[in-house]
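Reminder, nothing fancy here: chain letters follow the sequence lines and each chain counts from 1.
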Amino acid sequence: MSSSDFSKPYDPKDVEPRWRARAEASGWYAARDVGAHEDSFCIMIPPPNVTGSLHMGHALFITLQDAMVRHARMHGKNTLWLPGVDHAGIATQVVVERELRREGLTRHDLGRERFIDRVWEWKRRSGDRIFEQLKVMGASPDWSRAKFTMDPDLSAAVREAFVRLHEQGLMYRANRMVNWCPTCRTVLSDLEVDREEPEAGRFNSELFSFAYKLSDGSGEIVVATTRPETMLGDLAIAVHPDDPRYRDLIGKTVRHPFVDREFPIIADAILADPTKGTGAVKITPAHDFNDFECGRRHGLGEITILNPDGTLNAEGGPFAGMDRFAAREAVKKALEEKGLARGSAPHNIAYALCQRSKDILEPTLSPQWYVKMQPLAEPAVKAVEEGRTVFVPEEWTKTYMHWMTHIQDWCVSRQLWWGHQIPAWYCADCGGTTVQREDPSACQHCGSAKITQDEDVLDTWFSSALWPFSTLGWPAETDALKTFYPTTVMETGYDIIFFWVARMMMMGIHFMGEVPFSRVLLHGLVCDENGQKMSKVKGNVIDPLDLVHGATVDQVIANAVGKRVSGDAVGLDAADRKKFLDAYPSVGKLPEGFRAFGADALRFYLGAHAPQSRKINLNLSRLQGYRDFCNKIWNATRFALTHIADVAPRPTGDFPTPHSLAERWILSRLAAAVEGVENGITQFRLDEATSAVYQFFWYELCDWFLELCKPVFDAGSDAEKASYKLTLAHCLEVSHRLMHPLMPHLTEECWSHLPDAIRRRRSDGVVPEALAVAAFPNAGDARRDLDAERVMGVLQDTIEGVRRICAELGIKPGAAITVRLRTADPRYAQTFHDYEGALRRLTRAREVVVEAPGERPRGVGYASIHGVEVLIPLAGHIDPAKEGERLEKDVAKARKESDGITRRLANANFIANAPAEVVEKDQARVRELTERIERLGDALAIVRELG
RNA sequence: AGGCGCGUAGCUCAGUGGUAGAGCACCACCUUGACACGGUGGGAGUCGUUGGUUCAAUCCCAAUCGCGCCUACCA
């Protein structure tokens, strides 16, 4: 067995790579194509971009999905987590073009074929890097099924989908207004457009006014624009029909000052708004969405003035060849010179920017392919209305519905080279379009061989929309599809509901006849400590791998601002450091830099946040806390192993028969933890799962049960020892299985060290090869025992009471004290007797005496807990002033609580309306408090006499 | 402009119609043979503000302030 020697401190750098290697050599994560859907569990990994490297968003989805997947697998489900990467059209092409630019080349220098070869080469070089990084995080997908959206089979699925949609009249080509990016030289879908709002209190543009002279020489009409250069494409001026300023001008024409053109002043109540600008709008049908509509309404035609690169074409007349921004200034200047300028005013517009290049987009007229959305959207809306697909958290349902019911046709063609080329061929002879599955050799319509394929490729999201079934072999009717479609869960970020989730819903229902997944789980964004989105510009990006492997603060900052330098972090300046430290104040508390927190600690940390919160603000000191928890698990296991090597086998198929109160108690708490984790994982509340297990393991198993084991191991009878050993070993073993979906590496390592006798066997009696393929804990592993919890609670509170007296009276831990416990309850008395050794050990008392209630001697530290009186005689040592202060504090606390409840009980309306159990609980509590106050009062009186 | 979300301890976050919880941080004590990446004890919040519903509101409703996100428009 490859395992550590359990050398002292926990070291993830040692543990994690070893288990990663073992997992890779194993078949643990393989799913089976059984052809039957029952008992299957399937999640499709949201495919990261080939260009990408691991970021916090990936780390988060790996944590959430892997926990669900491991949990399902351990429950014996036929579990498929299918990994893959996306070709990410624009993103990848941009990266490769950037690389070319460093060699002084553009893609046009290479030509389409050689450029695509180049991208493939780049993909081969770096394409699997993201998988390696997923492995570092401990992800457990079925690697043998890894897919790439440009694989031959997935490309065939894309073409099949395109052709079918075309045959069904749902895929069509149209000449419409689109958002054009002059830098990327492609059209973008509405979703790929970013809006840049102006900063508060600042103007980002100006509204420039100028006059058109009327053709008949009778005057002029003044229009206003933020884009003066577009006037070169103007074909009308629109005014509101009821606007008295312009009513008489309707029907007249104006003369263009720079090109030989006359055009009319028209009435358009839809577009013209008398309250805006001058009330007269210049109409540029080819370069504005509203103007285009207006132009169509009035049959104005369109004049395109821009080249694809954003320079002006021949229509620009004297301005032809100029860049659009240069042309803007030139047009303004020319208008001034002609005496047509009418001033300008500061103005604000929300620029439409390219998501990739950040360039300002130009609305342009262009022929593109569209998918008709309405017939696809309707069933997808219905599916959610009927609950066949459910969103968690459910408030996203509204967002989905709103978008789906206001949906526009989807522009799916892109003027790129990297992607799935559109399977449409245009005939030079008859002008017809041939769309088919196999590359045609002749025009479908006239038989001509002079056909050329559409140059464009499909939007990346088109192939992504098919992901839940294209990855399972569609369009063939495969066993994989039968087994895993519809998938169980789709887990992803809320930021791609429209891009991806909605489109998968539509395509899944359309092509498969069934929703692609029954639950959509949406997680939030991982942000910096102050809640700011991570970005290179802000300098607050943290690479999860730095957290896993450890790094100096400077290295992390270098990554954050994108100044990754091998070796030293050269080039960092004070501003970079300040930006980063402002974003992460708690880094100041990590003097030795970032330790290797390990993938398990990072997973546990990410899992500890409510997944449905919109933001997860990265807090490094909290992460450190979970790293400490890993160490705690490590050490507890290490301690236990020194005692349980000879543990007896667990009674067949059941949990140990608990002999003592402490054992019954810890098994009961274990049952609670099992329940908490089970519910947490199945209800998409990993935070509740992590907290259940953290609470149990640290505060119950380690702080109490382990400590209660020690006196038994020291001085118990053989039978007692054997029993405690079994219970301890059992709790550990179940804990390891319980925590495995959250912390796969650490738990594998710890579990591998447990004696075979204690490890849960499979139904065939064989010890599983690893936790990854072991059974998840269930009701057979532990049982709640509320009676044990109650009595144990008294013992715990009594011990804590003694400690508090000692701490607050300043009694040194070494002092030889005698603790007297007085109770009239024989059950408690028996418990105190049974745990006399533990009581001494845990309170550091020399002697513990259990006795019946009686007169109180003078000079004692005193407390009253659950009717148990705790007395610590300290004749000679005690400071009456301190003891008095302590008792007064206790009395005040009890009185305050009691008063509050009494006030409530005095309210007749409360008695009449509140549920009976609430009233009874209150009454019982008041009785207890009254008794306590009485006894504390007596004690206080005696102390006052002394003082 | 419309929609959504958030505002709880110094920080990061859970939570509930019955007078509040965690981790970290803080204070004091303890180097006890799993762990100082530890143990013990302690302090700390008028649950953004104002109204309303209720016997009872941090929780439900309304308004308001502050922050964030999304969608749309912008001559």
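When the P atom is used for both G39(B) and A34(B), the distance is 13 Å, rounded to whole Å. When the C1' atom is used for both C6(B) and C13(B), the distance is 12 Å, rounded to whole Å. To the nearest whole angstrom, the two P atoms, one in U54(B) and one in C59(B), are 15 Å apart.
Within the structure, a side-chain polar atom (N or O) of Arg804(A) is placed less than 4.0 Å from OP1 or OP2 of G42(B). The side chain of Arg685(A) contributes an N or O atom lying less than 4.0 Å from OP1 or OP2 of G15(B). In this model, the phosphate group of G39(B) is approached by a side-chain N or O of Lys632(A) to a distance below 4.0 Å at OP1 or OP2. For the pair Trp704(A) and U40(B), the criterion of a side-chain N or O lying under 4.0 Å from OP1 or OP2 is not met. For the pair Lys615(A) and C67(B), the criterion of a side-chain N or O lying under 4.0 Å from OP1 or OP2 is not met. Side-chain nitrogen and oxygen atoms of Arg803(A) include at least one within less than 4.0 Å of the OP1 or OP2 phosphate oxygen of G41(B). Arg844(A) has no side-chain polar atom (N or O) that falls below the 4.0 Å cut-off from OP1 or OP2 of U40(B).
Using a 4.0 Å heavy-atom criterion, one finds that Leu271(A) contacts the bases of the nucleic acid, with or without backbone contacts as well. At a threshold of 4.0 angstrom between heavy atoms, the contacts of Thr278(A) with the nucleic acid are absent. Using a 4.0 Å heavy-atom distance criterion, Asn619(A) is classed as a sugar-phosphate-only contact. If you check every strand for non-hydrogen atoms under 4.0 Å, Leu525(A) touches nothing. Cys702(A) comes within 4.0 angstrom of a nucleotide base, judged by non-hydrogen atoms across all strands. If you check every strand for non-hydrogen atoms under 4.0 Å, Glu800(A) touches sugar and phosphate atoms only. Glu808(A) comes within 4.0 angstrom of sugar-phosphate atoms only, judged by non-hydrogen atoms across all strands, and of no base. As judged by a 4.0 angstrom heavy-atom cut-off over every strand, Ala912(A) is placed among residues making no nucleic acid contact. Within the 4.0 angstrom heavy-atom criterion, no nucleotide atom of any strand lies near Thr399(A). Using a 4.0 Å heavy-atom distance criterion, Glu917(A) is classed as making no nucleic acid contact. Across all strands, Tyr694(A) comes closer than 4.0 Å only to sugar-phosphate atoms, never to a base (heavy-atom distances). Within 4.0 Å of Val281(A), counting heavy atoms only, lies at least one base atom of the nucleic acid.
Mapped onto RNA chain B by nearest heavy atom, Trp403(A) and Pro274(A) fall at different nucleotides, with Trp403(A) at the one closer to the 5' end.
Here the options are Phe684(A), Trp396(A), Tyr400(A), the test is ring-ring contact (aromatic ring centres under 6.0 Å, His included), and the partner is Phe391(A); only Tyr400(A) passes.
The pair Glu707(A)-Lys710(A) meets the salt-bridge criterion, with a side-chain N (NZ, NE, NH1 or NH2) lying under 4.0 Å from an Asp/Glu carboxylate O.
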